[in-house]
K.L.:
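Pasting a structure here, questions to come.
Residue numbering restarts at 1 for every chain, and letters A, B, ... go by the order of the sequence lines. As the structure is a prediction and not an experimental result, all values here were calculated from the model.
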Protein chains: 2
Amino acid sequence: MSGVWLRPPRSPGRSGPPLHRERIVAAAVELLDQDGVGGLTMRRLAERLDAGSTTLYWHVTNKDDVLDLALDQIFGEVQLPEQTPDGNWQSEVEALVLGWLAAMLRHPWSAALLGRPLLGPNVLTRTEFLQSALRRAGLVEPDLTAGTHALANYVIGTAVTLSTWQRLDDPEFRQAAQRHLTTQRDRYPTLVASGHLDDRDWADTFRRGLKYLMAGLAARM
Amino acid sequence: MSGVWLRPPRSPGRSGPPLHRERIVAAAVELLDQDGVGGLTMRRLAERLDAGSTTLYWHVTNKDDVLDLALDQIFGEVQLPEQTPDGNWQSEVEALVLGWLAAMLRHPWSAALLGRPLLGPNVLTRTEFLQSALRRAGLVEPDLTAGTHALANYVIGTAVTLSTWQRLDDPEFRQAAQRHLTTQRDRYPTLVASGHLDDRDWADTFRRGLKYLMAGLAARM
DNA sequence: CCAGCTCTAGAACGTTGTTCTAGACTCTAG
DNA sequence: CTAGAGTCTAGAACAACGTTCTAGAGCTGG
């Protein structure tokens, strides 16, 4: 069940096949960017690679493999901030976490794939960075683990929420959702008053939440 | 595109059909609980209701409708805490948020469905409660919106992460994942040292993160 | 009795992920 | 130079899926 990372990769032939994993993953990401999760089928993926659809199964055991690999691939886009030994841990964490969120929003399909174990090298490297930044800042167990999970899960949750609305960029739908809410002002007075579905500055909102979290963490150091 | 909540429901017949939406949704939740998202097909759902598979399409326009309805259904299980007018807002928020997470973990498939707009009455009612609790505690914009989103997204992210591992309860897989990590101790020293994939008390970890977040929010009141 | 609904469901279509199978190509061993 | 064991490609085919089309029950009000 579901683990590209736990299986050894197939050893390549003498001169290397024209269709390697990397090409497959790159094409998969392109396809996902274009048409979302529903747009990625093994046949369309093969077509884009000028290959037979069943050929893919030599390099990859599953469609799940492709999805796992594509997901970890985009986490590789997240730049690791410079480690400042003296330094401000909060700016390190903020930089990483903002980059993380930005990468997921650049590939909105990624949020829908988070329901699979994140064991790829890129994800693990970034989580390692996050936790080590907290440790260097002086956090100890059990706050260290709790802090890491809190930050990571906050990013994940935000990515899920934001990419949902981003993927539905149909303005007609947004308006209908707005109407749906405002016509029930008596049920949801606070939500309506605060414009819960409005298109506000999500980056600022996210950063604020991050500040709350880091403030609470700082108190434990 | 994707909106049961924005379409008016079909008006029922004279004496009410034996196959209403509520029965369909209930059966869908049962099926999802048993076999996960992959186990829910329109044919299996109809079979469980002793109906023709195509009959479902009279009561529901889409499979997406079924998923949207099932998802909102389980949010109805989340109990709204007593509102204490004088009261400790933190205990209110904690009770709601813990109940929210627990409901999603009781139905681990729900996390995989979060990539759709949450516009159902049950979700909106709970979000309204959350935000009104923060408002009553004295939070004002823009912290009010940011706080609501932070809490909601933290729950969502945690639910995604935890239900992923819960769904993969195969101990063999967990062990393989452990080995995968520990054999790369040089790459991920901090993660390995803190037992990142260990089966720890997730409820405590979650509660700790919640405390950080609420502490940061309290400072803004 | 009929007309007009609410509701049911069989047949069928196009797509999907995946397996089975046969064959091509390439390098090494004898 | 030939035989053969990988390495890699891909056509045919299968079961299962979501969904549409269509025909027709069953009931109710006129």
K.L.:
Give one of base, sugar-phosphate or nothing for A:Thr41, where a contact means two heavy atoms less than 4.0 Å apart.
P.N.:
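Sugar-phosphate: the residue A:Thr41, judged by heavy atoms under 4.0 Å, touches backbone atoms but no base.
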K.L.:
Got a sec: does the CD of A:Gln79 have more than 12 other heavy atoms crowding it under 6.0 Å?
P.N.:
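No, the 6.0 Å shell around CD holds no more than 12 heavy atoms from other groups.
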K.L.:
Without decimals, in angstroms, what is the distance between A:Leu56 CG and C:dT19 P?
P.N.:
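Rounded to the whole Å, the gap is 13 Å.
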K.L.:
Starting at CG of A:Leu45 and ending at P of C:dG17, how long is that distance when rounded to a whole Å?
P.N.:
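Value for this atom pair: 10 Å.
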K.L.:
Is it the case that the side chain of B:Arg126 and the backbone of B:Val78 share a donor-acceptor pair, with hydrogens and angles ignored and the cut-off at 3.5 Å?
P.N.:
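Present.
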K.L.:
Using a cut-off of less than 4.0 Å, is there contact between a side-chain N or O of B:Thr55 and OP1 or OP2 of C:dC7?
P.N.:
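False: B:Thr55 side-chain N/O out of range (4.0 Å or more) of C:dC7 OP1/OP2.
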K.L.:
What's the CZ-C1' distance between A:Arg21 and D:dT7, to the nearest Å?
P.N.:
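So the CZ-C1' distance, A:Arg21 to D:dT7, works out to 16 Å.
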K.L.:
Looking for any heavy atom pair under 4.0 Å, which part of the strands does A:Leu40 touch: base, sugar-phosphate only, or nothing?
P.N.:
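Here A:Leu40 touches the backbone only, sparing every base.
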K.L.:
Is it the case that over 12 heavy atoms from other parts of the model lie below 6.0 angstrom from the CD atom of A:Gln166?
P.N.:
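Yes, because the 6.0 Å sphere around CD of A:Gln166 holds more than 12 heavy atoms from other groups.
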K.L.:
Given that A:Gly38 and A:Thr61 both sit by DNA chain C, which one's nearest nucleotide is further toward the 5' end?
P.N.:
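In this pair, the answer is A:Gly38.
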K.L.:
Starting at atom CG of A:Asp50, determine the distance to atom C1' of D:dA10, rounded to an integer number of angstrom.
P.N.:
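Roughly 13 Å, once rounded to whole Å.
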K.L.:
Does CZ belonging to B:Arg106 count more than 12 external heavy atoms closer than 6.0 Å?
P.N.:
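It does: B:Arg106 CZ has more than 12 such atoms within range.
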K.L.:
I want to confirm an ordering. Mapping A:Arg43 and B:Thr54 to their closest nucleotides on DNA chain D, which one lands closer to the 5' end?
P.N.:
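Counting from the 5' end, the first nearest nucleotide belongs to A:Arg43.
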K.L.:
Whole angstrom is fine here: how far is it from CH2 in B:Trp58 over to P in D:dA25?
P.N.:
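Roughly 17 Å, once rounded to whole Å.
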K.L.:
What I want to check is whether the side chains of A:Thr182 and A:Gln178 have a donor and an acceptor closer together than 3.5 Å.
P.N.:
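No - no donor-acceptor pair under 3.5 Å links their side chains.
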K.L.:
So, is A:His20 close to the D:dC8 phosphate, meaning a side-chain N or O under 4.0 Å from OP1 or OP2?
P.N.:
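So the side-chain polar atoms of A:His20 never come under 4.0 Å of the phosphate oxygens OP1 or OP2 of D:dC8.
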K.L.:
In whole Å, what is the span from the NZ atom of A:Lys63 to the P atom of C:dT16?
P.N.:
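Spelled out: NZ on A:Lys63 to P on C:dT16 is 9 Å.
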K.L.:
If I take atom NE2 in residue B:His59 and atom C1' in nucleotide C:dT8, what distance separates them, rounded to the nearest angstrom?
P.N.:
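Taking NE2 of B:His59 and C1' of C:dT8, I get 8 Å after rounding.
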K.L.:
Starting at atom CG of A:Asn62, determine the distance to atom P of C:dG17, rounded to an integer number of angstrom.
P.N.:
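Between P of C:dG17 and CG of A:Asn62: 11 Å.
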